[in-house]
Amino acid sequence: MKVLFATSEIAPWVKTGGLGDVAAALPQALVAAGAELRVLVPGYPPLRAAFPKAKRIARFDTLGGAWPACNLLEAQRSDGVPFWLLDCPELFDRPGSPYLGPEGIDWLDNHLRYGLLSRVAARLASHASPLDWRPDILHCHDWQTALAPYYLRLYEGGGAASVLTIHNLAFQGVFPATVLTELGLGAADWHIDGVEYYGTLSFLKAGLRHADALTTVSPTYAREIQTETEGMGLQGLLQTRADELTGILNGIDTAVWNPATDTLLSKNYDRAHLDGKAVCKAALQAQVGLDARKDCPLFGVVSRLTAQKGLDLVSDIGAALVDLPAQLVVLGSGDKALEAAFRDLAATYPQQVAVTIGFDEALAHRIEAGADLFLMPSRFEPCGLNQMYSLAYGTPPLVRATGGLADTVVNCSPAGLADGSANGFVCQEATAELILATARWAAEVWADKKRWRQLQKNAMAGDYSWTGPAQRYLQLYRSLRPA
Ligand code: ADP
């Protein structure tokens with residue numbers, strides 16, 4: 001099975017969210033499962049710097065639209081997965097975030113930048129590819145490569161079967177109608193079954209309409225996006241494609257997120273030797289300046305601070321959480337009002353609340369290990385990684401029943417504890433009252449050391465690796481291109 005994996009992000013070089021992590025880990029897991037892969041990604045400065053010896057394997061002078069000529073370079077990642085870097089300095093040689101300029105506003109030519117990525121992906125997956133290596137499957141991700149399945153249909157004789165994975169439906173790649181010709185498209189493409197979307201041009205809509213198969217990153221999110229509340233305007237189209245839409249849960253990188261080997265922790269621990277976790281808690285309390293209390297649970301948060309994550313509700317109940325009693329450690333950045341609210345909370349309760357505004361990979365690991373519970377009451381969550389890190393670290397997460405959170409966390413009900421399935425705490429609605437009530441219940445369970453150990457062991461027994469998800473993707477590929 002040959003797969004061309006087209007992505008606009010790849011960790012550790014270019015990452016703004018879950019897609020970057022998936023693009024780093026899933027190809028490796030697919031190769032381990034027997035697939036042959038090429039990862040196509042823009043030649044952003046960090047990637048050009050990481051692979052200075054990348055060799056040119058193709059050149060594209062005329063692709064139809066308003067694009068400059070560009071080159072395709074080949075490089076090898078240390079794990080042997082070949083990268084194809086789309087080298088076009090006019091479009092990709094820019095500092096900072098892949099999508100935003102220095103003012104924090106989208107680059108004005110993002111349609112050209114990701115239109116080119118989509119166009120080249122389609123060409124390489126088509127019978128018109130200049131290369132001998134031809135994929136069976138073109139696997140695209142989010143709006144940035146969603147135009148590729150549409151372009152692929154325009155090539156005579158077609159080519160690979162296409163799969164489009166939705167990591168977050170909120171970003172739809174919507175541009176004014178005037179960009180149509182710059183993307184090498186014309187009047188024939190401007191209709192409801194083409195690229196038109198309520199008078200604008202949407203990359204994502206075109207991909208959702210034309211990819212042979214659609215996936216998203218959890219089974220529950222796959223159902224939710226077909227509803228009016230979660231479909232972000234695309235629910236009608238997604239309903240018509242329900243038969244081709246599946247949810248495949250993400251995995252986590254277990255080489256990086258494993259409490260038994262994590263070098264960032266004060267003491268390693270595993271499911272059979274949980275004592276090291278108390279050392280991690282004390283070290284975390286000391287690092288962030290909290291009192292070294294052992295008599296109350298420590299709740300942790302590592303997150304973008306946005307309404308999506310429900311953390312405004314956590315800040316609303318901050319005083320009541322402290323009163324449980326409990327401690328709270330927060331790491332995150334984003335919404336300025338929310339940053340200020342958490343800072344105020346820490347100023348009011350310095351012994352019980354510690355807030356770090358910023359992005360800090362090492363502290364994120366120490367919170368996952370040192371906290372007793374992890375708070376993630378998202379309003380929507382396509383998959384979520386942090387709750388899986390928490391489970392792997394024996395830090396039961398408190399989540400809202402949505403998307404991937406609903407698919408990974410089993411509520412600590414008496415029945416769930418008795419049958420060994422409970423691994424965290426689930427509240428049904430994202431309201432301050434319910435989150436607080438659930439936190440109170442969690443604090444009660446925490447105080448019962450025997451029950452708590454059991455819950456931690458249940459959490460740590462789960463398999464959160466990429467092995468299972470990679471098999472499911474392979475099955476999907478095979479259903480589209482039987483051998
Ligand atoms: P999303 O992609 O919606 O932001 P996920 O839970 O899927 O949420 O993934 C978030 C990733 O970013 C995780 O790897 C998490 O640890 C990391 N992260 C988020 N905020 C921070 C931060 N302030 N410092 C360190 N890591 C962070």
Side-chain angles (χ1 to χ4, degrees), residues 7-12 14-26 97-99 141-142 144 165-171 216-218 220-221 224 230 232 247-259 262 264-265 284 287-288 300-311 314 329-336 338-339 342-343 354-371 374-393 395 397-400 402-409 424 430 464 466 469:
T7 176
S8 60
E9 298 183 21
I10 188 155
V14 182
K15 167 179 157 177
T16 69
L19 169 59
D21 288 321
V22 172
L26 177 56
S97 152
Y99 314 124
H141 300 268
D142 276 350
Q144 293 89 342
T165 296
I166 306 159
H167 297 263
N168 193 336
L169 196 65
F171 305 105
T216 186
V217 288
S218 69
T220 296
Y221 194 59
E224 287 170 345
E230 306 280 349
M232 304 209 169
I248 300 179
L249 204 64
N250 285 337
I252 63 173
D253 188 338
T254 47
V256 178
W257 291 96
N258 178 354
D262 191 332
L264 295 164
L265 307 188
L284 174 64
Q287 179 181 349
V288 298
V301 170
V302 180
S303 184
R304 290 186 288 123
L305 300 180
T306 65
Q308 180 199 330
K309 303 288 178 181
L311 293 171
V314 172
V329 54
V330 177
L331 166 64
S333 63
D335 185 277
K336 296 298 162 212
L338 202 46
E339 288 181 359
F342 276 117
R343 277 201 182 104
V355 173
T356 305
I357 302 297
F359 195 95
D360 185 336
E361 189 77 25
L363 183 55
H365 283 245
R366 291 175 187 141
I367 291 176
E368 290 293 0
F374 192 84
L375 277 175
M376 198 168 173
S378 304
R379 291 193 166 86
F380 74 93
E381 194 62 74
C383 176
L385 293 171
N386 275 302
Q387 86 280 12
M388 290 195 270
Y389 301 154
S390 306
L391 290 165
Y393 278 62
T395 307
L398 189 167
V399 304
R400 154 140 198 269
T402 183
L405 300 175
D407 292 333
T408 47
V409 183
Y464 310 107
W466 273 103

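Just so you know, ligand 1 is whichever comes first in the structure, and atom 1 is the first atom listed for that ligand. Starting from 1, each residue takes its place in the sequence as its number.
- Side chain of Ser378 to backbone of Gly310: no donor-acceptor contact under 3.5 angstrom is found.
- The closest donor-acceptor contact from the side chain of Ser218 to the backbone of Pro382 lies under 3.5 Å.
- Heavy-atom proximity to Gly332, at under 4.0 Å, picks out these atoms of ligand 1: 23 (N).
- At a 4.0 Å heavy-atom cut-off, ligand 1 touches Lys309 through the side chain alone.
- Evaluated by nearest non-hydrogen atom to atom 15 (C) of ligand 1, the leading choice among Leu405, Ile367, Asn386 is Asn386.
- For residues 376-391, the set of pairs meeting the salt bridge (Lys or Arg N to Asp or Glu O under 4.0 Å) definition, not counting sequence neighbours, comprises Lys309-Glu381, Asp312-Arg379.
- Looking at Lys15 against ligand 1, only its side chain comes within 4.0 Å, counting heavy atoms.
- When only interatomic distances are considered, the shortest N/O to N/O separation between Leu385 and ligand 1 falls below 3.5 Å.
- The protein heavy-atom contact nearest to atom 22 (C) of ligand 1 is Phe359 CD1, 3.4 Å.
- Compare Gly358, Ala11, Gly18, Gly384 by their heavy atoms: the one nearest to atom 23 (N) of ligand 1 is in Gly358.
- Put simply, the side chain of Asn168 gets close to the backbone of Ala170: a donor and an acceptor are under 3.5 Å apart.
- For Ser333, no nitrogen or oxygen atom sits less than 3.5 Å from a nitrogen or oxygen atom of ligand 1, counting backbone and side chain alike.
- Contacts between Asp360 and ligand 1 below 4.0 angstrom, taking non-hydrogen atoms only, involve the backbone exclusively.
- Counting heavy atoms from C-beta on, the side chains of Phe342 and Val314 come closer than 4.5 Å.
- In terms of the salt bridge (charged side-chain N to carboxylate O under 4.0 Å, His left out) criterion, Asp253 has no residue partners (sequence neighbours excluded).
- Near Tyr389, with a cut-off below 4.0 Å to any heavy atom, the atoms of ligand 1 are 13 (C), 14 (O), 16 (O).
- Within the 3.5 Å criterion, the main-chain N or O of Thr408 finds no donor-acceptor partner in the side chain of Gln387.
- Contact atoms of ligand 1 toward Arg304: 1 (P), 3 (O), 4 (O), 20 (N) (distance under 4.0 Å to a heavy atom of the residue).
- Within the 4.0 Å heavy-atom criterion, the part of Ser303 lying near ligand 1 is the backbone and not the side chain.
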